[in-house]
K.L.:
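Take a look at the following structure, please.
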Amino acid sequence: MAITMAQVKPRYALIASGVIISAAALTAGPVVAVETQISPQIRTSTYAYQIDEFGTDGTDDGVAVVISPSIALSLTSKVLQTRFSWQHESLFYEDSQRENRSYDEFDFNNILSLFDDRLTWGVNARNSYQVRNTRSGIFNDKITAGGDLSEVTSYGSFLNLATARYSDLDAALRLEYNHSEYDQPDNDDGLPAFDNDSYRAGLLLASRDRSSTMFWRLEGAVGKTQRQQLRDYNNRVAQAIFGVPLSSRLSLIGRGSYEYTDNNNFYQNEFSSYGAGLELKLGRVSWVNVSVNRSTTERFEEEDEENTYWATEFYLAPSRRTSIEGAYDRRYFGRTANVAGQYNIRALTVRLNVTDTVQTQTSLDRELTDLGIFVCPEGAVEVTDCFRPPNANYTPQPGESYQQVFDVGLELDQELVLRRSASFALGYTKRRLSVNLLLNATDIEYVERNQEQTSLSVSLRTGWRFSERSSVNASLRVYQIDYQFANRKDDNILMSVGYDMTLSEHSELSLSLRRTERNSSIDSFTASENRAWLTYIYNF
């Protein structure tokens with residue numbers, strides 16, 4: 001008897017294990033009601049484009065035909081949420097400068113929740129194509145710049161354990177693993193092929209009600225990122241706070257923090273602080289505190305630094321629709337600020353986020369900007385495929401679902417960075433009009449090579465629904481990126497407009513126009529593109 005052994009790639013094994021365990025959970029014990037949706041689709045598009053690059057005679061003209069079958073599967077029950085989508089794209093060119101290409105992409109998410117959400121287990125996997133280095137063009141895509149795209153594959157899993165919501169003790173344990181692979185594109189983008197493994201464990205112990213007479217909170221996390229091309233990065237962090245009441249609204253607080261980072265090279269930092277202050281309760285759930293603290297910072301081959309500073313934390317929720325929380329404190333790299341706020345009414349949603357973090361760029365890909373709740377069709381891959389619900393009582397139609405939409409940072413590198421970001425998102429929907437605005441400012445410091453990059457961006461998307469069968473949309477995205485280490489600054493603009501029409505219960509048609517421009521301080525990077533395309537979609 002001959003035995004044949006085949007190596008199974010981890011990402012596919014992870015998907016298979018998620019499906020098998022989920023199926024077992026649904027079939028074991030009492031019968032669990034499962035809502036299943038399968039949505040096959042075929043999309044065909046014809047593109048005409050014209051590219052003008054600095055220093056070249058004439059324009060780069062061409063035509064591309066894209067045939068794209070796809071399928072989306074969702075399983076939803078009281079304990080399980082599974083989503084899987086797969087899409088194939090075949091590109092055929094009438095263009096002597098480009099060769100025919102094909103792409104396969106998939107996205108898998110599986111979350112199993114048991115014991116009233118006290119045990120949650122998740123598995124995810126994804127394969128896509130994207131730009132890793134924005135200097136080659138942040139709006140490059142499969143149609144005209146497939147050679148600049150890197151194939152990105154990631155998979156991971158997490159496990160959450162938590163106490164019941166009615167428990168006086170708020171305790172949670174989270175274990176997480178993520179793997180990312182980034183292949184080198186056909187055109188050299190200055191980055192090698194690499195893969196990273198990220199491990200993280202976090203623990204929380206706290207009193208459930210902060211408005212009680214005495215409260216306390218202990219939390220900590222340890223993490224490790226294994227980098228193929230660079231040294232591994234390790235970090236540990238812990239924080240503690242306790243409060244003793246002086247009156248019904250005023251408490252004396254004590255606090256402390258500890259943080260350690262090490263890339264096994266020169267970026268080694270150890271930070272500790274302790275302090276005391278006052279916390280004022282503002283109503284049933286809102287509070288604000290101020291403290292005076294003493295800190296010690298130890299850096300690699302540098303003298304220890306001691307500081308006395310003030311810090312504040314706050315949580316304000318004047319109504320069910322409005323909340324803002326944040327902190328102004330200190331870490332080993334200096335002052336740190338975090339703010340997260342939201343405001344929701346029937347037609348308007350506002351989000352505000354201010355963060356800073358030290359991590360590899362590949363890990364930052366999972367730290368996203370919250371844009372709010374949108375309604376998305378099955379298999380949607382861009383926010384432009386989704387829309388704000390017209391009212392709070394909107395019921396998703398067959399094939400639609402509510403999804404939390406996020407904005408992802410641009411760069412995808414394995415280097416260690418200090419990333420400071422501030423973003424403001426606004427969504428407005430009333431009757432036939434929808435408007436979504438995102439403002440973002442980001443500063444990235446490459447700590448291992450002492451270089452810096454800043455970016456400012458504005459994204460605006462509007463839509464107007466003429467009827468149930470037709471609508472028009474327009475978008476504007478403006479990025480200004482300053483590559484300080486390369487003495488280069490780019491102004492990038494994308495403008496597009498489209499008309500969508502539903503032909504029947506199963507078919508849709510759309511016509512789109514797009515203009516992109518890149519004006520660079522280095523003339524050789526200046527370029528522009530005009531594009532028009534017609535798309536037909538058939539849903540089986």
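The analysis underlying the following values was restricted to heavy atoms, covering all of them including side chains, and did not include hydrogens, waters or symmetry mates. Positions are given from 1 along the sequence.
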K.L.:
Report yes if some heavy atom in the side chain of D107 is under 4.5 Å from a heavy atom in the side chain of R83; otherwise report no.
P.N.:
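No, too far: nothing below the 4.5 Å cut-off.
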K.L.:
Under 30°, 30 to 60°, or over 60°: which ring-plane class applies to W310 and Y328, parallel, tilted or perpendicular?
P.N.:
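Tilted, since the angle between the ring planes falls between 30° and 60°.
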K.L.:
Might you point out which heavy atoms bring F333 and R335 nearest each other, and give the distance in Å?
P.N.:
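Looking at all heavy atoms of both residues, the closest pair is CE1-O, 3.8 Å.
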K.L.:
Would you call R420-D443 a salt bridge at under 4.0 Å N-O?
P.N.:
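Result for this pair is no, no salt bridge flagged.
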K.L.:
For atom OH of Y166, decide whether the heavy atoms of other residues, nucleotides or ligands shown that lie under 6.0 angstrom number more than 12.
P.N.:
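Incorrect, the count does not exceed 12.
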K.L.:
Looking at every heavy atom in both G243 and M214, which two are closest together, and how far apart are they?
P.N.:
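Heavy atoms only, the tightest pair is O-CG, 3.1 Å.
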K.L.:
Do R118 and S113 have a side chain donor and acceptor closer than 3.5 Å?
P.N.:
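R118 vs S113: no donor-acceptor pair found between side chains.
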K.L.:
What verdict does the salt bridge (charged side-chain N to carboxylate O under 4.0 Å, His left out) test give for E259 and R236, after you've listed the backbone C-alpha separation in whole Å, the side-chain angles of each residue and the deciding distance to 0.1 Å?
P.N.:
CA-CA 6 Å; E259 186 170 7; R236 301 192 293 268; over 6 Å; no
K.L.:
Has the side chain of R330 got a donor or acceptor atom that lies under 3.5 Å from a matching backbone atom of G334?
P.N.:
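No; zero donor-acceptor contacts below 3.5 Å.
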K.L.:
Over 60° means perpendicular and under 30° means parallel, so tell me whether Y332 and Y267 are parallel, tilted or perpendicular.
P.N.:
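Perpendicular: the ring planes of Y332 and Y267 meet at over 60°.
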K.L.:
For the residue pair S291 and R255, what are the closest heavy atoms and their distance?
P.N.:
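Taking every non-hydrogen atom into account, OG-CD, 3.2 Å.
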K.L.:
Work out which heavy atom in A317 is nearest to a heavy atom in V285; give both atom names and the distance.
P.N.:
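Taking every non-hydrogen atom into account, CB-CG2, 4.0 Å.
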K.L.:
With heavy-atom distances below 4.5 Å as the criterion, would you say the side chains of T312 and V288 are in contact?
P.N.:
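Yes - at least one pair of side-chain heavy atoms lies under 4.5 Å apart.
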K.L.:
Check whether more than 12 heavy atoms from other residues, nucleotides or ligands sit under 6.0 Å from atom CZ of F300, and answer yes or no.
P.N.:
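Count over threshold, so yes.
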K.L.:
Using modelled atom types and a 3.5 Å cut-off, is there a donor and acceptor pairing between side-chain atoms of H179 and backbone atoms of S154?
P.N.:
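Not a single qualifying donor-acceptor pair exists.
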K.L.:
With sequence neighbours excluded, give me every ring-ring contact (aromatic ring centres under 6.0 Å, His included) pair touching residues 231-261.
P.N.:
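Matches after skipping sequence neighbours: none remain.
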K.L.:
Distance alone, cut at 3.5 Å: any donor-acceptor contact between the side chains of R126 and S128?
P.N.:
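Yes, because at least one side-chain N or O of R126 sits under 3.5 Å from a partner of the opposite role on S128.
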K.L.:
Is D356 salt-bridged to R331, cutoff N-O under 4.0 Å?
P.N.:
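Result for this pair is yes, salt bridge flagged.
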K.L.:
Are the side chain of N264 and the backbone of D232 linked by a donor-acceptor contact shorter than 3.5 Å?
P.N.:
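Confirmed, N264 side chain pairs with D232 backbone.
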K.L.:
Checking the side chain of Q228 only, and the main-chain atoms of D195 only, is there a donor and an acceptor separated by less than 3.5 Å?
P.N.:
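Judged by distance alone, yes, a pair lies under 3.5 Å.
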K.L.:
Are I253 and I241 side-chain neighbours, meaning at least one heavy-atom pair lies under 4.5 Å?
P.N.:
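Yes, side chains in contact.
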K.L.:
Any sub-3.5 Å donor-acceptor pair from N127's side-chain atoms to D104's backbone N or O?
P.N.:
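Yes, N127 side chain to D104 backbone: donor-acceptor pair under 3.5 Å.
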K.L.:
State whether the side chain of R227 and the backbone N or O of Q414 hold a donor-acceptor pair below 3.5 Å, judged by distance alone.
P.N.:
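The answer is yes, because a donor-acceptor pair under 3.5 Å joins these two groups.
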K.L.:
Got a donor-acceptor contact below 3.5 angstrom from the S180 side chain to the N196 backbone?
P.N.:
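The answer is no, because no donor-acceptor pair under 3.5 Å joins these two groups.
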K.L.:
For E448 versus L230, what's the shortest heavy-atom pair and its separation?
P.N.:
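Closest pair (atom of E448, atom of L230, distance): OE1-CD1, 4.2 Å.
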K.L.:
Decide if atom OH of Y177 counts as having more than 12 heavy atoms of other residues, nucleotides or ligands within a radius under 6.0 Å.
P.N.:
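Count over threshold, so yes.
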K.L.:
For residues 315-325, which residue pairs qualify under side-chain hydrogen bond (donor to acceptor under 3.5 Å, both in side chains), counting only residues two or more places apart or in two chains?
P.N.:
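Matches after skipping sequence neighbours: S319-T322.
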K.L.:
Check whether more than 12 heavy atoms from other residues, nucleotides or ligands sit under 6.0 Å from atom CG of D168, and answer yes or no.
P.N.:
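Counting other residues, nucleotides and ligands, CG of D168 stays at 12 neighbours or fewer.
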K.L.:
With a 4.5 Å cut-off on side-chain heavy atoms, are T349 and L426 touching?
P.N.:
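SC-SC contact between L426 and T349 ruled out.
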K.L.:
Quick check: are there more than 12 heavy atoms from other residues, nucleotides or ligands sitting under 6.0 Å from CD of Q81?
P.N.:
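At most 12 heavy atoms, drawn from other residues, nucleotides or ligands, come within 6.0 Å of this atom.
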K.L.:
So which atom in Y182 and which in S150 form the shortest heavy-atom distance, rounded to 0.1 Å?
P.N.:
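Smallest interatomic distance, heavy atoms only, reads C-OG, 3.8 Å.
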